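Computed from a prediction, not measured in an experiment: that's the story for all the values here. Below, chain A is the first sequence line, B the second, and so on; all start at residue 1.
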Protein chains: 2
Amino acid sequence: MPSKYRSNALAAVHETAADLHRVGGMDQKTMRKFDALCLTPIQEMTPEKIRALRTRENASQTVFAAYLNVTPSLVSKWERGEKRPQGASLKLLSLVDRKGLEVVA
Amino acid sequence: MPSKYRSNALAAVHETAADLHRVGGMDQKTMRKFDALCLTPIQEMTPEKIRALRTRENASQTVFAAYLNVTPSLVSKWERGEKRPQGASLKLLSLVDRKGLEVVA
DNA sequence: CACACTATAGCACTGAGTGCTATAGATGAA
DNA sequence: TTCATCTATAGCACTCAGTGCTATAGTGTG
């Protein structure tokens, strides 16, 4: 699990403030850094949460898996706590949580 | 890599047709199956493609990684062909490709 | 010059994810 | 009732994606 993003982002703010302090404009890179700070924090997903999410979307494990481009077997394991989603998988799940299955269609 | 989705989806169409044949409406599950067929196919991502994608979005590897909730180290490896994204990572990348970095913010 | 950011590189490690098969509970149709 | 289909669970072996860390070099900026 990425652990440095939060502090990295905070560091970015600090630097961004410094950039703003300097008269002139923000360049694209700085904009991006600022954006990164605005990223929705990713929270852990419990097995229950994942299942609730899927049923909320009226999807079977198979269909749900198809949306996420993973195997149905993996979705089953997530829901039974045998594996826990991380990185990109977790990001995708939290995206579905906030915006629905449609956004990943 | 999931390999059965395509044929599963085709099977779903067949069944959906049967469902429609039966007088009445489609239920939510069937709808979902139909939706699954409409999923944008995921194409492989070459290292060049990934780098082009990131630079198109004006993001450093670090910022790009933050968006995808992975480590900067991994992005570097993707771009150098040391690792190839799969499953959820690939899905996320193709999402950014089609809709831009903002959608995963 | 020094400082900060960026990217590359290498290495050891681990567990997420794959692929397969088998089982059993629903559900629904003939 | 039986037959068939979809669904979910389970177990197992395997592999490589992803992590975490550190060090290096290039670039640009004050």
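Taken to the nearest 0.5 Å, the CG atom of B/Asp97 stands 4.5 Å off from the CE atom of B/Met45. With values rounded to the nearest 0.5 angstrom, B/Leu53 atom CG is found 7.0 Å from B/Leu101 atom CG. Note: A/Ile50 CD1 to A/Arg84 CZ = 8.0 Å, rounded to the nearest 0.5 Å. In this structure, NZ on A/Lys49 lies 12.5 Å from CD on A/Glu44, to the nearest 0.5 angstrom.
Partners of A/Glu79 according to the side chain to side chain donor-acceptor pair (under 3.5 Å) rule, which considers only residues two or more places apart in sequence or in another chain, are A/Arg51, A/Arg54, A/Gln61. Residues that satisfy the side chain to side chain donor-acceptor pair (under 3.5 Å) test with A/Thr46, not counting sequence neighbours, are A/Glu48. With sequence neighbours excluded, no residue forms a side chain to side chain donor-acceptor pair (under 3.5 Å) with B/Lys99. Remark: A/Lys77 engages A/Ser73, A/Arg80, A/Glu82, A/Lys83 in a side chain to side chain contact (heavy atoms under 4.5 Å, CB included) (not counting sequence neighbours).
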Every protein N/O within reach of nucleotides 25-28 of chain D N/O, cut-off under 3.5 Å:
none

Check nucleotides 15-17 of chain D for protein N or O atoms closer than 3.5 Å to its own N or O atoms and list the pairs.
unit_1 : atom_1 : unit_2  : atom_2 : d
D/dA17 : O5'    : B/Arg84 : O      : 3.4
D/dA17 : N7     : B/Lys83 : NZ     : 2.8

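Between B/Thr71 and D/dT19 there is a side-chain N or O to OP1 or OP2 distance below 4.0 Å. Listed pair A/Arg51 / D/dT7 fails the phosphate criterion, with no side-chain N or O lying under 4.0 Å from OP1 or OP2. Residue A/Ser76 places no side-chain N or O under 4.0 Å from the OP1 or OP2 atom of D/dA8.
Regarding A/Arg54, its CZ atom lies at a distance of 10 Å from the P atom of D/dT7, rounded to whole Å. Atom CZ of B/Phe64 is separated from atom P of C/dA7 by 11 Å (rounded to the nearest Å). When the P atom of C/dA16 is taken as reference, atom CG of A/Leu90 falls 12 Å away, rounded to whole Å. Computed from coordinates, the B/Gln61 CD to D/dG20 P distance equals 17 Å when rounded to whole Å. Here C/dT18 presents its C1' atom at 12 Å from CG of A/Asn69, a figure rounded to the nearest Å. Per the geometry, CG belonging to B/Leu92 stands 18 Å off P belonging to C/dA16, to the nearest Å. Between the CD1 atom of A/Ile50 and the C1' atom of C/dA16 there is a distance of 13 Å, rounded to whole Å. Taking atom CZ of residue A/Arg80 and atom P of nucleotide C/dA16, one finds them 14 Å apart after rounding to whole Å.
At least one side-chain heavy atom of A/Trp78 sits less than 4.5 Å from a side-chain heavy atom of A/Leu68.
One can find a donor-acceptor pair under 3.5 Å joining the base of D/dT19 and the side-chain atoms of B/Lys77. Between the side chain of B/Lys91 and the base of C/dG17 there is no donor-acceptor pair of N/O atoms closer than 3.5 Å.
Between B/Ala105 and A/Arg98, the shortest heavy-atom distance links the atoms O-NH2, 2.8 Å.
Bending across the helix from C/dC1-D/dG30 to C/dA30-D/dT1, expressed as the angle between its end axes from five pairs apiece, amounts to 60° (10° rounding).
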Side-chain donor-acceptor distances from residues 88-96 of chain A under 3.5 Å, at least two apart:
unit_1  : atom_1 : unit_2   : atom_2 : d
A/Lys91 : NZ     : B/Tyr67  : O      : 3.3
A/Lys91 : NZ     : B/Val104 : O      : 2.8
A/Ser94 : OG     : A/Lys91  : O      : 3.4

